Protein chains: 4
Amino acid sequence: MTDEEGEAGTATGVEVQPWIPFEDRRRARGRKKEAVLRMAVRLFLENGVHRTSLAEVAAALNITKPALYNYFRSKDEILFECCRLGREMYEAGIADIAARDGSGLEKLRALIRSYAKVITQDFGQCLVRFDDRELSPEARADIRRAKRRIDAAFREQIARGISDGSIRPCDPKVAGFVITGALNGIGTWYSPDGPLSVDEIADGFVERLVDGLAVRRVPAKAKVAEA
Amino acid sequence: MTDEEGEAGTATGVEVQPWIPFEDRRRARGRKKEAVLRMAVRLFLENGVHRTSLAEVAAALNITKPALYNYFRSKDEILFECCRLGREMYEAGIADIAARDGSGLEKLRALIRSYAKVITQDFGQCLVRFDDRELSPEARADIRRAKRRIDAAFREQIARGISDGSIRPCDPKVAGFVITGALNGIGTWYSPDGPLSVDEIADGFVERLVDGLAVRRVPAKAKVAEA
Amino acid sequence: MTDEEGEAGTATGVEVQPWIPFEDRRRARGRKKEAVLRMAVRLFLENGVHRTSLAEVAAALNITKPALYNYFRSKDEILFECCRLGREMYEAGIADIAARDGSGLEKLRALIRSYAKVITQDFGQCLVRFDDRELSPEARADIRRAKRRIDAAFREQIARGISDGSIRPCDPKVAGFVITGALNGIGTWYSPDGPLSVDEIADGFVERLVDGLAVRRVPAKAKVAEA
Amino acid sequence: MTDEEGEAGTATGVEVQPWIPFEDRRRARGRKKEAVLRMAVRLFLENGVHRTSLAEVAAALNITKPALYNYFRSKDEILFECCRLGREMYEAGIADIAARDGSGLEKLRALIRSYAKVITQDFGQCLVRFDDRELSPEARADIRRAKRRIDAAFREQIARGISDGSIRPCDPKVAGFVITGALNGIGTWYSPDGPLSVDEIADGFVERLVDGLAVRRVPAKAKVAEA
DNA sequence: TATGAATGAGACTTCATTCAT
DNA sequence: GATGAATGAAGTCTCATTCAT
């Protein structure tokens, strides 16, 4: 059904053919689906999924309610597609980092930055701010699996870092919860109009999470003690 | 109100009085309100506020739906009362700590511990897991104010710590978000049946947030640089 | 849930008790459910199940649509209850006849009469005129089972009649289909205002089905042959 | 229209003509209409008219929903055409028999056989299994007239049979209802995969309806009386 | 105080049908 | 002739809330 047949169609599009809005149609459809999702996710985030009726989504797009059903089978599906897009953003970041080299700490830093960037975007917030239970059982399972994979990615780098000496010995599970929890929080207060840019936020979070809050206790006495 | 526990009220019921005591009435009413809230918050957390109908709450309490309206004017009010109880728990902790002595870091540690303990309890999760927008405008304002006060408490101690040299120089706002975000996350995964006790969680979080993840880099050069 | 506790309640009702509309309530509820069913079945039969909205049923009863949901969980359930009442009427007739004595033919006559009487009543027509597939799977199974039992009752008496010599040797299945088919047809044309009374119809059907249409061929040869 | 069978049309297509033949066009159109009707009637019978959407019909034919509107103006019209085809089958049978000679009983036998054959076919079941009220007023009137004509045909032969001594004196209306009711019933249980062939069914029904169920009572007295 | 009943508002969804291409 | 998109009307059901008792 989603048989994306590559760009062959586009190629023929070069010779502007009169009776072939064929490929165009499909592209238009894709664009419209996307537009629906973008509007839906915005409204869902702004007003809550439950308090956003499909009528509102449709109205905001200047179409009628049943028109939405041309693109999606149900509200659930819309919600899930939003989440799926978010999921893919996280996963892309994780996959990218997994392919790189670096110590556990370095990769953890990269994960934090990547996650921070995703969660400042609409779709990225879906995984965190929408309630699993709104989804169909299958969709829910899908999303939950994704969340577990994300958690696992963090824990893995923490464990690696502990092994390679770049990260302090600690419980990777708790440490992971600290990190993802802190990052998820961003979704609740971040605004693109706010004073902090995404990069500043990402850097700030990396620094705080990596270095902690306490001043390094390396006073003279300590040095002696260490010596 | 939360501490009005035990069967004291029932005990006096021994001398079967026909026209039910004076003071008892009020206390019984209070106990019932409390029971409603305890059940409501549990169901709200378990299934989501929107997916929990008052009929379900009533049924779980073996009373009828309209009976709830004897104690609360609306679902909103029930929700707000839950949140208010949570709010009071946070505020009690904050007030307690504010009254103590200690460096910024010490008090921050205490705040983290206190917050962690509250957020592992049903009412404590209300502030975080329920959507503001479900509440009436006044209730919402009340809760938002409370959240700001809580944030402010963290930031204040961070700023104090920076001043008194116990905490690294950093943006207190970002640092506060890191901390409260991490702590709020607890509400999404904590289970009393889980492997970690509340105290273990609290300690773990304090440690990670305060000490960070990176191993302390205290090489010879560093010492020199600091000197 | 339908725990009709007999007429005990009515008995106590003699001493008019002030605070006990208790039993009354239940009876009123029962009466209302019944009223709903009676109105629903009438409209369903008159306009077709699908073309009868619950709004129409409610309006005809001078109540609002959701009020129906106090008594029934869904349109399906209303439909099923109608069918169930019909089913019980058939089964009562069958059970009654099963308890009597008589040859296969005599009992078959009684079955035909009984069936004819039921199918001239609203609820009796439900089994025949409503589409199985409108029902939930369970309800559907229930009704189909009932239909099979009814068919079986006819076939059983036909088979008995063949054995005891009161009925001609023939395929009981086909014969049963002839009979029940003919009887079911009554539901499509019978009207209480029509020229034929239920008894006349029943008698007419018994006669035609039992005696057939052809005049008895009893020519001289035949007599000899039989002699 | 129903007999326009085989691939004759396709065969002429061998000589690939660019601007599609003249007559072929109309014939192709006719074939497509027919295909739609055949699929529609099947689905209507299988799932019920109301529960069969035009989208399903179209999908089953590998065309799109609006394409159906090239051949039919509405769902009603499709339904009516199905019924009309059924009607014509019944009427053809009746006309055929009317043209023959024979006693009332003989013709009645023929009518029963004819009706039985029609009602085992998809289109033949339309008149009986679909609800009149689904049709437009005009279509409905047409179909109801047809039903009355069919009933009249049965009654006429019954009356003739009574006159010519081949059929027992009885109420032709009731007798007709017995017969058509029994025959209509076939539509509800007949399956081409079942154990009984159409002819066996037809014979069985003729026999049961004509001869009845009771054994012939030809006691000695009766003989005397007749003598 | 507590209850059964009732209500009004609103949500999601389906579908026959039309329109521009 | 055929398609994708869009629409309006309708239907079932849920739920917070109120009322009479």
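Numbered from 1 within each chain, the chains take letters A, B, ... in sequence-line order. All of these numbers come straight from a predicted model, not from anything done at the bench.
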Quick note, side chain to side chain donor-acceptor pair (under 3.5 Å) partners involving residues 60-70 of chain C, not counting sequence neighbours, are none
Using a heavy-atom cut-off of under 4.0 Å over every strand shown, decide if Y71(A) touches base, sugar-phosphate, or nothing.
-> sugar-phosphate
- Query: Quick one: does NZ or CZ of K33(D) land under 6.0 Å from the six-membered ring centre of F72(D), within 45 degrees of the ring axis?
  - Reply: yes
Return yes if the base of dT17(E) and the side-chain atoms of K65(D) contain a donor-acceptor N/O pair under 3.5 Å, otherwise no. yes
Rounded to whole Å, the CZ-C1' distance (R73(C) to dC15(F)) equals 17 Å
| task | Run the salt-bridge test on R42(A) and E46(A) with the 4.0 Å N-O cut-off and return the result as yes or no. | result | no
Considering only heavy side-chain atoms of N70(C), the closest of dA5(E), dG10(E), dA16(F) is dA5(E)
Expected list for residues 47-58 of chain B near DNA chain F, using heavy atoms below 4.0 Å, is T52(B), S53(B), L54(B)
Item to check | R140(A) atom CZ, neighbour heavy-atom count above 12 within 6.0 Å | outcome: yes
note: I78(A), atom CD1; dA11(E), atom P; distance rounded to Å ~ 14 Å
Here the distance between atom P of dA11(E) and atom CG of D76(A), to the nearest Å, is 16 Å
The bend of the helix from dA2(E)-dT21(F) to dT21(E)-dA2(F), taken between the axes of its five terminal pairs at each end and rounded to 10°, is 20°
| task | Check whether any side-chain heavy atom of L45(C) sits under 4.5 Å from a side-chain heavy atom of F130(C), and report yes or no. | result | yes
Which of dA16(E), dT3(E), dT7(E) is nearest the side chain of K75(D)? It is dA16(E)
Between CG of L68(C) and P of dG11(F) the distance, given in whole Å, is 14 Å
Residue set satisfying salt bridge (Lys or Arg N to Asp or Glu O under 4.0 Å) with D142(D), at least two apart, ordered chain then number -> R87(D)
To the nearest angstrom, the CD-C1' distance between E134(A) and dA11(E) comes to 13 Å
From the candidates dT3(E), dT18(E), dG1(F), the one with an atom nearest any side-chain atom of K32(D) is dG1(F)
To the nearest angstrom, the CZ-C1' distance between F72(A) and dA5(F) comes to 14 Å
Check: What class does the angle between the rings of H50(A) and H50(B) fall in, given that below 30° is parallel, 30 to 60° is tilted and above 60° is perpendicular?
Finding: parallel
If you define the side chain from C-beta out and look only at heavy atoms, does anything of F44(A) sit under 4.5 Å from R129(A)?
no
Side chain to side chain contact (heavy atoms under 4.5 Å, CB included) filter on A59(D), not counting sequence neighbours, yields none
The complete set of salt bridge (Lys or Arg N to Asp or Glu O under 4.0 Å) pairs with one or both residues in residues 47-63 of chain B, sequence neighbours excluded, reads D131(A)-R51(B), E134(A)-R51(B)
Taken to the nearest whole Å, OH/Y69(B) to C1'/dA6(E) is 14 Å
Of the listed dA6(E), dG1(F), dA6(F), the closest approach to the R29(D) side chain comes from dG1(F)
Rounded to whole Å, CG of N62(B) lies from P of dA2(E) at a distance of 13 Å
Residue pair T64(A)/I63(D) against DNA chain F: nearer the 5' end by closest nucleotide is I63(D)
Which of dA2(F), dC15(F), dC15(E) is nearest the side chain of P66(A)? It is dC15(E)
